[in-house]
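Presented below is the structure to which this report refers.
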Amino acid sequence: MEIFDTLSNSLKELKTANGKRFNVFVCGPTVYDKPHLGHARTYIFFDIFIRYLRYKGLHPFYLMNITDIDDKIIKKANSENVPYDEISRRYSAEFFKIMKALRNESVNYYAFATDFINEIISQISRLMDRGYAYETSDGVYYSVEKFADYGKLSHQDISQLKAGARVETNENKKSPLDFALWKKRKPNEPYWDSPWGEGRPGWHIEDTAITERFFGYHYDLHGGGIDLIFPHHEAEIAQMEAISGKPPLVDYWVHTGHLSVENVKMSKSLGNFITVEEILKDYWPESIRLLFIGMNYRDTSNFSMDGLNNSQIIAERLTWIYRKVADVETQRKENYETFINEITEPLDKNMNTPESLANINAFIRWATNELGKTDGKNGEIRAILDDIDSIFGIVRKAPLPEGLLNTVLEIRKRARANGDYGTSDKIRSDLSKLGIKIEDKGNESFAWW
RNA sequence: GGGUAGGUGGCAGAGCGGCGAUGCGCGGGACUGCAGAUCCCGUUUAUUGGGGUUCGAAUCCCCACCUACCCUCCA
């Protein structure tokens, strides 16, 4: 398959030797607040990407970091007057909860930055030894000028970067572009011991420390939001390639586009961040996933309630079909082959999920037609749904409270037979309030949610 | 100022040299106690503008205009 690589600015064939582990690292969140829809978009994309690689029989190892020490965490802790790690624990727990609720379950290991302080110190020491870093009164900095390739990922000329630099001035730094590897302790801040005194790691160094420990000098694919290209990922390259002397750090750089909300960029100042928790109150995770599947992962895309409602319709159709074939044994015949090929092939073309979605819709139409027939394509439908769900995680399989529900439906059936539509309609609307929908087809009724 | 990606119907969004997908919305019909779901038909010139290459361009080239994002913490 092909995937777009930010470094080379082009589609690259994904080389995955047979049976070999494919090492993937995706930048996780800084845990100081609840996850928002932008997080959902990025992590759902990478979840589907990894699921698909596994579906193809490859062996990705999906590693994600959690930034659990950072200025924003400290700031929040101080404002609540609690230890910093109470904040990081609270919001990392929140993050895991949301990831699970969104059905993002493909991560193999979550690495907390503060568990890798030794590795971080080791990397900074080596950068010092090799002349890439220097110590000042307030920390240790990476000297960007020492690394000739600085700017290669974001395709920026270092002199242009300087010209447009809007970074805050810091008398201690040799160049405004230099970034902190180690921040010396200030009052009321958490700290660890180091050769440069008590302090805490800079943001960029945690990722290379973690990936070196797990993967070494080099690994296969690094992902994250588009906003991380500069300076975060640029800095990672500068750190690791300076230490190893053996570029490249990774073979594929994959970045997801940002999300706006009702056509306005999400930002703290505008206060229009929508948390995932908020959306999950009224919508299925499957609907959220479908919404993002309908977008190209690299585009800047817009989130709208219209779009979400649209996706909910598709999610309900899939569930509707699933419930009709839930008890059928899977069959993999020609229809299975055809639909699955049409649905998965677009993924080989740089994860073209919108095209996959178009073919999923074609499947939905076919399946709903076949369901009414007696010559039984149900086994194939079931098999296709299973595959779709294993890749995309969009088929809701939550069971209904069958026993109780059947009793209620039986009562309603009798009422209808007697022409007592007042009772039957009341049952229908009451159940609807509980999230269970009743649909009549002749004398038979069908319930789902 | 520099960098990157783009401009396709009412909206979202594929196609990237040869009848312009798909979904929503909208209009009509079938079915239904009603509703919903589903199915069928329709939505007449939708490819930013102008040049060019070609038998043929949304797709390739040039120019113009416009948009988004990055260059500062951010998924």
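When reading the values below, keep in mind they use all heavy atoms of this one structure, side chains included, and skip hydrogens, waters and symmetry mates. Chain A is the first sequence line, chain B the second, and so forth, proteins listed ahead of strands; every chain is numbered from 1.
- Taking a pair to require two hydrogen-bonding distances under 3.5 Å in either a Watson-Crick or a G-U wobble arrangement, B:A21 remains unpaired.
- Between the side chain of A:H36 and the base of B:A75 there is at least one donor-acceptor pair of N/O atoms closer than 3.5 Å.
- Counting any heavy atom pair closer than 4.0 Å across all strands shown, A:I314 reaches sugar-phosphate atoms only and no base atom.
- For the OP1/OP2 pair of B:C24 and a distance below 4.0 Å, the side-chain nitrogens and oxygens of A:R317 include at least one atom meeting the criterion.
- Nucleic acid contact class of A:H258 (heavy atoms, under 4.0 Å, all strands): base.
- By the 5.5 angstrom centroid cut-off and the 30-degree plane limit, A:Y421 is classified as stacked against the base of B:G33.
- Using a 4.0 Å heavy-atom distance criterion, A:G225 is classed as a sugar-phosphate-only contact.
- Going from the C1' atom of B:G23 to that of B:G51 covers 36 Å, rounded to whole Å.
- Remark: A:S424 is not in phosphate contact with B:G33, judged by side-chain N or O atoms under 4.0 Å from OP1 or OP2.
- Aromatic ring pairs are classed by plane angle as parallel below 30°, tilted from 30° to 60° and perpendicular above 60°; the pair A:W253 and A:H255 is parallel.
- The distance from atom CZ of A:R41 to atom P of B:G13 is 9 Å, rounded to the nearest whole Å.
- At B:G3, none of the side-chain N or O atoms of A:H155 fall inside 4.0 Å of OP1 or OP2 (strictly under the cut-off).
- Residue contacts for A:I360: at a heavy-atom cut-off of 4.0 Å it reaches no nucleic acid atom on any strand shown.
- When Watson-Crick and G-U wobble pairs are counted only if both distances are under 3.5 Å, B:U53 pairs with no nucleotide at all.
- Interface remark: the A:N302 side chain does not form any donor-acceptor pair with the B:G13 base, using a distance-only criterion of under 3.5 Å.
- Cation-pi contact between A:K174 and A:Y141: absent, since separation from the ring centre below 6.0 Å together with deviation from the ring axis within 45° is not met.
- The aromatic rings of A:F112 and A:F96 sit perpendicular to each other, their planes meeting at more than 60°, with 30° as the lower class boundary.
- Ring geometry for A:Y55 against A:Y52 counts as parallel: the plane angle stays under 30°, on a 0 to 90° scale with 60° as the upper cut.
- In this structure, A:Y150 and A:F179 have parallel ring planes: the angle between them is below the 30° cut-off, well short of the 60° mark.
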Please list, pair by pair, any protein nitrogen or oxygen found under 3.5 Å from a nitrogen or oxygen in nucleotides 14-17 of chain B.
unit_1	atom_1	unit_2	atom_2	d
B:A14	O3'	A:N352	ND2	2.9
B:A14	O2'	A:E355	OE1	3.2
B:G15	OP1	A:N352	ND2	2.6

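- Across all strands shown, B:A30 pairs with B:U38; the Watson-Crick or G-U wobble distances both stay below 3.5 Å.
- Here B:C65 sits opposite B:G7 as a Watson-Crick or G-U wobble pair (both hydrogen-bonding atom distances under 3.5 Å).
- An OP1 or OP2 oxygen of B:G23 is reached within less than 4.0 angstrom by a side-chain nitrogen or oxygen of A:R365.
- The residue A:N9 sits close only to the backbone: its heavy atoms come under 4.0 Å of sugar-phosphate atoms, none of a base.
- A pairwise comparison of heavy atoms in A:R428 and A:I438 identifies CD-O, 3.8 Å as the closest pair.
- Using a 4.0 Å heavy-atom criterion, one finds that A:D306 contacts no nucleic acid atom at all.
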